[in-house]
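Structure record follows, encoded as structure tokens.
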Amino acid sequence: MTDDTLSFASADQILLLFGAQDRYLRQVREAVGVGVTIRGDQLRLHGTEEQIRRGREVFSELKAILEERGVLQESEVRSVLGLSKTAGAVASAPPNLRKPAESIDLLEKARKVLPRSAGQAEYVRAIREHDLVFCEGPAGSGKTYLAVAMAVNALRQEQVRKIVLVRPAVEAGEKLGFLPGDLLAKINPFLRPLLDALSEMLDYDAVQRYIDRDVVEIVPLAFMRGRTLNETFIILDEGQNTTVTQMKMFLTRLGNGSRIVVTGDSTQTDLPVEVTSGFNDALRRLANVPGIAHIRLTGEDIVRHPLVKKIVAAYDDGSSSGPSRPKGRS
């Protein structure tokens with residue numbers, strides 16, 4: 001048995017790291033097996049050399065997140081522990097995840113968005129390095145949220161002049177006529193998730209000002225036809241609900257100085273059985289095209305409520321033993 005110490009800015013910072021009623025501390029102890037005691041503004045770690053090594057790396061990573069954001073969330077604790085378990089040590093995680101400087105700066109009241117898993121860090125890095133990125137992954141893995149954060153960062157740093165958020169409405173046919181109200185009222189429910197992500201990052205007044213000035217545009221996919229967008233950050237959400245023709249139309253909107261991120265989850269398509277998904281088709285056609293990145297997130301990257309990861313896993317486990325979708329609509 002041996003021990004080691006880790007210094008913090010204050011005893012209060014240690015209490016924040018431990019969480020309410022030492023909730024986070026218990027999770028680290030159970031996962032790593034290291035013993036922990038407090039001495040002023042220091043943590044003293046007890047255990048085997050391997051337990052202390054992993055404990056120090058986990059606590060150092062959590063400390064970096066706490067210093068970066070001022071708060072620590074349970075999903076972040078789970079992500080750091082997951083990295084430690086799968087990679088052998090947090091130190092082996094991708095640089096984008098470990099370095100605070102690699103976080104996504106929203107340039108809005110010191111707000112920043114941090115990747116919470118190795119997959120998310122790879123995704124953010126791909127968006128930084130490529131003009132066209134496809135991101136495939138399950139619900140809750142951060143596909144849309146991180147893309148919107150990168151778009152806000154690019155806009156605030158004047159790398160682009162405009163953000164365009166795009167979504168297929170309902171189905172590939174975009175059948176909105178049954179909904180009440182004018183066109184704006186009809187499309188609002190289907191574009192709302194993108195607006196919600198944006199509203200989490202910026203103040204309401206800033207979001208409204210951008211929309212009023214057409215700096216941020218939120219449109220259904222059908223409205224993209226015939227346009228060429230220069231110096232624009234374009235995000236297509238729910239890409240699995242596009243047809244092959246629609247996906248080709250969308251991708252060819254890419255203008256000079258623009259970037260495109262396409263997100264999708266092939267397990268949640270609303271297309272008729274006989275219709276090929278434009279998302280899956282594009283992944284196949286463009287697999288070997290230079291300058292295009294394809295990121296695949298998994299259940300390990302899910303950062304919503306802990307039950308979401310279990311729900312996704314349950315559906316994935318059952319997909320091979322029966323039909324993945326109903327044969328007809330009732």
Member of Val32, Ile14, Leu43 meeting the side-chain contact (heavy atoms from CB on, under 4.5 Å) criterion with Phe59: Leu43
Minimum heavy-atom distance Phe134-Leu283, with the two atoms named: CB-CD2, 3.6 Å
For the student: nearest non-hydrogen atoms of Pro138 and Leu297, plus distance: CD-O, 3.5 Å
Derivation and outcome, salt bridge (Lys or Arg N to Asp or Glu O under 4.0 Å), residues Glu231 and Lys162: CA-CA 7 Å; Glu231 298 180 17; Lys162 184 182 177 95; over 6 Å; no
Asp301 and Ser141 side chains, donor-acceptor separation under 3.5 Å: no
CA sep, side-chain torsions, deciding dist, call: Met224, Val219, side chain to side chain contact (heavy atoms under 4.5 Å, CB included): CA-CA 8 Å; Met224 294 294 290; Val219 298; 3.9 Å; yes
Which atom of Tyr210 lies closest to which atom of Arg156, heavy atoms considered: OH-NE, 2.8 Å
For Asp196, all residues meeting side chain to side chain donor-acceptor pair (under 3.5 Å), sequence neighbours excluded: Arg192
Val244 reachable from Leu286 in the ILVMFWY side-chain graph, under 4.5 Å edges: no
Under 3.5 Å: donor-acceptor pair, side chain of Gln208, backbone of Asp205: no
pair Ile104-Arg128: side-chain heavy atoms closer than 4.5 Å: yes
Heavy-atom closest contact (Gln268 atom, Ala139 atom, distance): NE2-CB, 3.8 Å
Asp265-Thr267 side chain donor-acceptor pair, cut-off 3.5 Å: yes
Reported CG-to-CZ distance for the pair Asp41 and Phe8, which is rounded to 0.5 angstrom: 9.5 Å
Pair Phe18-Val36, side chain to side chain contact (heavy atoms under 4.5 Å, CB included): steps then yes or no: CA-CA 11 Å; Phe18 282 4; Val36 181; 4.0 Å; yes
Distance-only polar pair, side chains of Glu238 and Gln240, donor-acceptor under 3.5 Å: yes
Salt-bridge contact Glu50-Arg53 (side-chain N to carboxylate O under 4.0 Å): yes
The single option from Leu17, Asp22, Val58 passing side-chain contact (heavy atoms from CB on, under 4.5 Å) against Val28: Val58
